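Both counts, for ligands and for their atoms, begin at 1 and track the order of listing. Just the heavy atoms: all of them, side chains too, but no hydrogens, waters or symmetry mates, feed the values below. Since the structure is predicted, the reported quantities are computational estimates derived from the model, not experimental observations.
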Amino acid sequence: MRTILVVGGGYAGFYTAWKLEKKLRRGEARVIVVDPRPYMTYQPFLPEVLAGSVEARHAAVSLRRHLRRTTVIAGRVIAIDHAHRTATVRPATGPAFSVGYDIVVVTAGAVTRKLAIPGVAEHAIGMKHVEEAVAIRDRLLTAFDQASALEPGPLRRRLLTVTFVGGGFSGVEGFGELLSLATALQRKSYPELSPDELIFHLVEARDRILPEVSDRPGRWVVRSLEKRGARVHLNAELLSARNGHVVLSTGAEFDSELIVWTVGNAANPMVRSHTDLPIDRSGMLTVRADLRVGTDASPVADAWGAGDDAAVPDLAAKRSGAATVPNAQPNAQNAVRQGKLLARNIVATLRGREPKPYVHHSLGTIATLGIGRGIFQYRGLVIKGLPAWLMHRGYHVLAVPTWERKIRVLAVWCTAALFGRDIVSLASVQHPREAFLADADLTPVPTSAQPGVPVHA
Ligand SMILES: Cc1cc2nc3c(=O)[nH]c(=O)nc-3n(C[C@H](O)[C@H](O)[C@H](O)COP(=O)(O)OP(=O)(O)OC[C@H]3O[C@@H](n4cnc5c(N)ncnc54)[C@H](O)[C@@H]3O)c2cc1C
């Protein structure tokens, strides 16, 4: 029996394996998925995880629950030696081991782009993974609790200052959602804080945000964020974030407790440097329109690729040579469809048929900007505000894989509509032993050392 190895169980890998399970005849091939995470992350829900509108666990689609006939290996592929049809897997604990295969599917996605800016590695949080979204939300909620116990002043201002670096799709969505949460928190639950103290900065190096929509709707998004109190810095580069002190190329400087890094994607380092498969100049897998690795002139046998780690020719684009690469959002649309086609093409070749090329015409761009606010664009058609937000929710609840996930997400939205969002920070889960290691430290502190603590009646 043939072994099909899927490297990465994210969007493209999950759909490839899921579809293969449905298409393969018994005994035709076995499927192995290797991923360090036991779940596929439904990344479009991360902005709502930030805002507490989607439960973190619901953005994680379990591989073992939904891929019943697939062998799931928890580990990271650190090298692919396609000449010998072998991948090296490093598990979280224990020594690395080899996995042999007949066919490899490379769907390891992209990684967050890093720039050597002082303070970013120490202070900023990315927004590509569930744990990052949870941490951002917890940091904001903790900052509210801490600020509410202080008198107005620099420390309180720093705690209530949030900075997003990168005004692309995920940055703007995360920014809009977090701003919506913070505004609601201040209004409903923290009367001791004033709305002017909430300072949200969005920093973008180019002269516009959301490159996925055209100029006018892009400008509308800036205006609508500014109306909500946000400060949008265009043509501004982050120069330093050392100790949370933000310095911009425009000369602006401020302290910010929470810095979120959303500057886009870079090539997956394993794909770029640790395989003998062909890659292009940006480190992306070279893939043909039928999703086989290689070029039309020199295809690589038994190797396939899709998603954010692969430069798949975009046959729907007017420009020749265009590829469906990350940062040309909305890319999940491509990853899902490529995953499904990839499975069909593998089954076709196993049965002696020709694979089909990938052609997908974009369904448009849709983004949430916080509860009740969104933007949608399809060619010349632009829809703004509540209708776009409802379309966003409708689209994503239908798009998240499996009915079980859809129902869980819907249930949370319905309960939140009745009772509001949960607003408790669980940042303390990072230190679970603190509670029993340290009995409450009630050593008196001279009150003069805590000048900011307000006296509650
Ligand atoms: C916040 C956010 C919001 C977004 N919203 C939208 C949206 O609204 N619409 C849209 O179309 N797109 C959206 N996207 C983009 C979309 O999520 C991605 O394009 C899509 O996830 C790409 O799928 P993929 O399978 O290529 O990669 P991923 O989904 O990133 O999956 C890659 C998988 O490979 C695993 N992996 C990585 N390296 C290895 C290795 N060495 N060995 C084994 N496994 C490995 C990873 O753990 C991961 O599970 C959003 C992205 C983000 C971050």
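- With ligand atoms numbered from 1 in the order given, ligand 1 contributes 26 (O) to contacts under 4.0 Å with heavy atoms of G307.
- Ligand 1 places these atoms under 4.0 Å from at least one heavy atom of G109: 26 (O), 27 (O), 32 (C).
- Residue nearest to atom 46 (C) of ligand 1, selected from N331, T107, D35: D35 (by heavy-atom distance).
- With a 4.0 Å cut-off on non-hydrogen atoms, R37 touches ligand 1 through its side chain and not its backbone.
- Counting heavy atoms closer than 4.0 Å to ligand 1, residue N268 contributes side-chain atoms (C-beta onward) but none from N, CA, C or O.
- Ligand 1 places these atoms under 4.0 Å from at least one heavy atom of H396: 8 (O).
- Residue M127 touches ligand 1 through backbone and side chain together, judged by heavy-atom distances below 4.0 Å.
- Taking the centre of each ring, Y101 and H82 come in below the 6.0 Å mark.
- Between Y42 and Y11, a ring centre-to-centre spacing shorter than 6.0 Å is recorded.
- Inter-residue side-chain proximity for Y378 and I383 is flagged as unmet; no heavy-atom pair is nearer than 4.5 Å.
- Closest of all the heavy-atom pairs between A96 and P91 is CA-CD, 4.0 Å.
- Not a single heavy atom of F14 sits under 4.0 Å from any atom of ligand 1.
- Between R208 and V213 the shortest side-chain heavy-atom distance falls below 4.5 Å.
- Inclusion of D308 in the set of residues having an N or O under 3.5 Å from an N or O of ligand 1 is warranted.
- Remark: ligand 1 and F169 share no N or O pair separated by less than 3.5 Å (distance only, no angle test).
- A distance below 6.0 Å separates the ring centres of F254 and H201.
- Note: an N/O pair closer than 3.5 Å links Y11 and ligand 1 by distance alone.
- For a threshold of 3.5 Å applied to N or O pairs, the pair formed by V77 and ligand 1 contains at least one separation below that value.
- The contact set between ligand 1 and Q333, taken as ligand atoms under 4.0 Å from a residue heavy atom, comprises 11 (O).
- The distance from ligand 1 to the heavy atoms of A335 drops below 4.0 Å at these ligand atoms: 22 (C), 23 (O).
- Atoms of ligand 1 found under 4.0 Å from any heavy atom of V34, numbered from 1 in the order shown, are 43 (C), 44 (N).
- A salt bridge links R158 with E257: the distance from a Lys NZ or Arg NE/NH1/NH2 to an Asp or Glu carboxylate oxygen falls below 4.0 Å.
- For the ligand labelled ligand 1, residue H392 lies outside the 4.0 Å heavy-atom shell.
- A donor-acceptor pair shorter than 3.5 Å can be found between the side chains of H66 and E404.
- In this structure a side-chain-to-backbone donor-acceptor pair under 3.5 Å is present from D309 to A108.
- A salt bridge does not link E122 with R242: every distance from a Lys NZ or Arg NE/NH1/NH2 to an Asp or Glu carboxylate oxygen is 4.0 Å or more.
- Using modelled atom types, one finds a donor on one side chain and an acceptor on the other under 3.5 Å when comparing Q377 with S214.
- Between A110 and ligand 1, not a single N/O pair is under 3.5 Å apart.
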